[in-house]
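Everything on this sheet refers to the single structure shown next.
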Amino acid sequence: VQTCALPILFASGSQLLSVNGNIAIYANLTSAAAAVYDGISLTGATIKSTGSGNITLSGKGGAGANTAETNRGINIVSSSLIQTGSGSITLTGNAGLYNGTGDYCIAGINLDTSDIRSTSGNISLTGNGSSTGTATVGDCDGVNLEIASDITTGGVGLVRLIGTAYRNGEGFDSNDNPTNTISAGSGGLTIEGRSVNSVAVTIAGPGNTPGNTTAVLNAASGPISLLGISETSDSVELANLRLGDGTVTNLTITATGGSVTASGDDDGVWLSNVSSTITGTLTINSTSGDTGETEILAGTTLNAATINITATTGNSDALNIISSTLDASGNLTIDSSCSGGTGDRDGLILNAATLTADGTLTVNATATADGEGLQLETGTAVTAATVILNATVGATGSEALVLNDSSTVTATGAAGVTVNTTGSVGNGLVLNTNSTLEATSGPLTVDCSRPIAINLGTVESGNAALSLTAFRIRSEEHTSELQ
């Protein structure tokens with residue numbers, strides 16, 4: 001155990017080694033000196049405990065008038081390594097004072113071209129970015145992975161990363177370079193980020209292509225949990241990455257972006273070009289801020305036994321799924337709603353999207369103001385054994401459910417398709433431009449409190465009853481079949 005009232009520096013080539021023994025280092029934890037320094041710094045250094053020994057590092061940055069990139073809690077750079085066998089690794093870093101005007105990284109824990117590894121032990125990092133000093137800017141991340149850095153354990157080991165950011169920092173930041181990876185064992189991977197003025201959790205990878213099979217985030221035969229809370233910005237951003245190696249048991253993403261009174265694009269969950277195959281349940285709980293949305297964008301493919309998505313917002317579209325695929329071998333459920341605001345505030349927009357479920361696919365979409373409840377655009381395909389669509393619009397709203405541009409809704413099982421729409425203005429159901437609502441083996445039932453408009457669209461029931469109930473049914477140049 002090494003305890004020091006001042007910083008501790010491990011220079012290039014230095015090593016601290018133990019066999020089956022614990023290593024504990026505590027630096028600058030009491031009253032920080034009015035000087036500029038990182039609490040614990042590793043530069044090309046190694047701290048290693050083989051066998052069952054644990055490693056614990058706790059550091060606090062200096063309280064000097066820092067105007068550059070220092071005063072970090074723990075700074076691990078230049079091919080440094082922290083490693084155990086079955087022992088745990090626990091790092092706690094608290095950044096110090098920052099008085100600068102530049103957007104420097106004053107992180108609680110900073111990892112750059114370095115690794116933290118365990119054979120089967122637990123790894124825990126907790127970082128708090130700089131929150132003191134006169135600066136009004138600064139990349140004061142909680143935990144920052146800069147370039148080519150890996151955090152890895154196996155066996156039953158877990159990885160838990162918690163970051164809290166201030167000023168312009170991110171709670172957990174692995175977005176600056178796509179070569180970082182984080183991998184846990186069956187104990188699971190948990191990442192939690194909180195930010196005052198920026199994104200809570202942001203992670204980017206090298207791309208999501210057939211030739212790139214590296215999982216940027218992984219828990220071998222274990223669960224993954226991502227939690228992001230931002231006061232004024234997006235909550236969880238994932239881009240250009242593979243999530244899991246196909247053995248991840250459950251994936252849970254929980255996000256709160258901004259507040260309903262904040263201004264700015266404060267999305268809850270934002271996914272772009274992300275792929276994941278989950279053996280159990282994939283759950284997304286996303287609350288966006290005043291002008292934020294939940295967005296699943298270009299090239300994203302999510303596969304799981306069960307998929308549950310809940311998206312809410314205060315004054316924008318609740319959920320956009322664009323050029324993406326969601327595939328459940330069991331049930332797929334989406335609940336999306338906008339609670340206030342003015343203008344075109346839609347519940348759910350599916351644009352060039354593919355949604356499939358071997359079981360029941362249920363959508364509950366609620367719009368407010370002038371928004372549509374549920375929109376299917378640009379050849380969107382919704383297919384399941386059973387399809388249930390519930391769409392609601394506000395008192396001044398538009399159409400409740402709209403199928404455009406050759407979009408299709410198809411049920412292949414005996415329970416068929418059920419559509420329920422509610423609203424006091426506009427149409428309850430609109431089928432435009434070669435769009436199709438079909439039940440191939442079961443009944444097709446539509447119940448609308450407002451009119452049904454079929455314009456160059458098809459409503460078809462293959463082998464069972466077709467029932468349309470509405471305030472009025474208008475059909476123009478369409479095909480309506482009952483077989």
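Since we're looking at a predicted model, the values are computed, not measured.
- Checking Ser88 against Asn54 by side-chain atom types alone, a donor-acceptor pair falls below 3.5 Å.
- Among all heavy-atom pairs drawn from Ala400 and Ala391, the shortest one is O-CB, 3.3 Å.
- In this structure the side chain of Glu146 never reaches within 4.5 angstrom of the side chain of Leu111, judged on heavy atoms.
- Side-chain atoms of Asn128 and Asn94 include a donor-acceptor pair closer than 3.5 Å.
- Side chain of Thr202 to main chain of Val199: no donor-acceptor pair is present (N/O by atom type, distance under 3.5 Å, no hydrogens or angles).
- Residues Thr70 and Tyr104 form no side-chain contact, since every pair of their non-hydrogen atoms from C-beta on lies 4.5 Å or further apart.
- Between Gly171 and Ser195 the shortest heavy-atom distance is N-CB, 4.0 Å.
- Judged purely by atom type and a 3.5 angstrom limit, Thr300 uses its side chain to pair as donor or acceptor with the backbone of Asn273.
- The two residues Pro206 and Val216 have their closest heavy-atom pair at CD-CG2, 3.7 Å.
- Under 3.5 Å, the side chains of Asn28 and Tyr37 contain a donor-acceptor pair of N or O atoms.
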List the steps, then state whether side chain to side chain contact (heavy atoms under 4.5 Å, CB included) holds for Leu226 with Glu192.
-> CA-CA 6 Å; Leu226 307 178; Glu192 298 180 8; over 6 Å; no
Leu271 vs Leu297, side chain to side chain contact (heavy atoms under 4.5 Å, CB included): CA-CA, chis, key distance, verdict | CA-CA 6 Å; Leu271 308 180; Leu297 303 177; over 6 Å; no
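- Remark: the Ser225 side chain and the Thr252 side chain contain no N/O donor-acceptor pair separated by less than 3.5 Å.
- Atom CG of Leu389 and atom CG of Leu361 lie 7.5 Å apart (nearest 0.5 Å).
- In this structure, Thr283 and Ile307 have side chains that are not in contact, with every pair of non-hydrogen atoms separated by 4.5 Å or more.
- With Ser118 as the partner, the side-chain contact (heavy atoms from CB on, under 4.5 Å) test is satisfied by one option alone out of Thr153, Val159, Ile151: Thr153.
- A donor-acceptor contact closer than 3.5 angstrom is absent between the side chains of Asn331 and Thr306.
- Between the side chain of Asn122 and the backbone N or O of Leu158, at least one donor-acceptor pair lies under 3.5 Å.
- Remark: the backbone N or O of Thr256 is paired with a side-chain donor or acceptor of Ser235 at under 3.5 angstrom.
- Across all non-hydrogen atoms, the minimal contact from Ser198 to Ser230 is O-OG, 2.7 Å.
- No donor-acceptor pair closer than 3.5 Å links the side chain of Ser286 to the backbone N or O of Ala255.
- Side-chain contact of Thr134 with Asn99: a donor-acceptor pair under 3.5 Å is present, judged by distance alone.
- Checked against Ile47 for a side-chain contact (heavy atoms from CB on, under 4.5 Å), the options Leu81, Leu57, Leu17 give a single hit: Leu57.
- Minimum interatomic distance between Leu97 and Ala65 (heavy atoms only, all atoms of both residues): CD2-CA, 3.8 Å.
- Between the CG atom in Leu348 and the OG1 atom in Thr366 there is a gap of 10.5 Å [rounded to 0.5 Å].
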Take Asp139 and Asn168 through the side chain to side chain contact (heavy atoms under 4.5 Å, CB included) test and state the conclusion after the steps.
-> CA-CA 5 Å; Asp139 192 18; Asn168 294 338; 5.5 Å; no
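- Using a distance-only test at 3.5 Å, with no hydrogens or angles considered, a donor-acceptor pair links the side chain of Ser149 to the main chain of Ser114.
- Rounded to the nearest 0.5 Å, atoms CG (Asn66) and OG1 (Thr132) are 9.5 Å apart.
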Give the C-alpha distance, both sets of side-chain angles, the deciding distance and a yes or no for side chain to side chain donor-acceptor pair (under 3.5 Å) between Ser329 and Asp358.
-> CA-CA 5 Å; Ser329 59; Asp358 292 344; 5.4 Å; no
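- When side chains are defined from C-beta on, Ile349 does not count as touching Ile321, because their heavy atoms never get closer than 4.5 Å.
- Put simply, CZ on Arg160 and OG1 on Thr90 are 12.0 Å apart, with the number rounded to the nearest 0.5 Å.
- Residues Val363 and Leu374 are in side-chain contact: their nearest non-hydrogen atoms beyond the backbone lie under 4.5 Å apart.
- Judged purely by distance below 3.5 Å, without hydrogens or angles, the side chains of Asn110 and Asn75 pair a donor atom with an acceptor atom.
- At a threshold of 4.5 Å between non-hydrogen side-chain atoms, the residues Leu189 and Ile182 count as touching.
- Counting only distance, with no hydrogens or angles, the side chain of Asp141 and the backbone of Glu170 share a donor-acceptor pair below 3.5 Å.
- In this structure, a donor-acceptor pair under 3.5 Å is absent between the side chains of Thr152 and Asp150.
- Side chains of Ile388 and Thr360 form a contact here, defined as non-hydrogen atoms less than 4.5 Å apart.
- Side-chain contact annotation: Arg167 with Ser130, donor-acceptor N/O pair under 3.5 Å present.
- A donor-acceptor contact under 3.5 angstrom links the side chains of Gln375 and Asp346, judged on distance only.
- Inspection of the Asp266 and Ser233 side chains reveals no N or O donor paired with an N or O acceptor under 3.5 Å.
- A heavy-atom distance below 4.5 Å is not found between the side chains of Asn218 and Thr181.
- No side-chain N or O of Asp327 forms a donor-acceptor pair with one of Thr325 less than 3.5 Å apart.
- With rounding to the nearest 0.5 angstrom, the OH atom of Tyr98 is 7.0 Å from the SG atom of Cys140.
- Under the 3.5 Å distance criterion, the side-chain polar atoms of Thr380 are matched with a main-chain donor or acceptor of Leu350.
- Contact record, Glu372 with Val402: CG-CG2, 4.3 Å, taken as the closest heavy-atom pair.
- One finds the CD1 atom of Ile191 at 8.0 Å from the CD1 atom of Ile224 (value rounded to the nearest 0.5 Å).
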Candidate pair Thr119 and Thr84, rule side chain to side chain contact (heavy atoms under 4.5 Å, CB included), full reasoning = CA-CA 7 Å; Thr119 303; Thr84 65; over 6 Å; no
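- Ser288 and Asp267 share no donor-acceptor pair across their side chains, judged by distance under 3.5 Å alone.
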Verdict with reasoning, Ser316 to Glu293, per side chain to side chain donor-acceptor pair (under 3.5 Å) | CA-CA 6 Å; Ser316 187; Glu293 303 166 337; 3.0 Å; yes
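- Judged by distance alone, the side chain of Asn250 and the main-chain N or O of Gly280 form no donor-acceptor pair under 3.5 Å.
- Evaluated for a side-chain hydrogen bond (donor to acceptor under 3.5 Å, both in side chains) with Asn390, the options Thr362, Asp335, Asn364 yield exactly one hit, Asn364.
- With Asp38 contributing its side chain and Arg72 its backbone, the two residues share a donor-acceptor pair below 3.5 Å.
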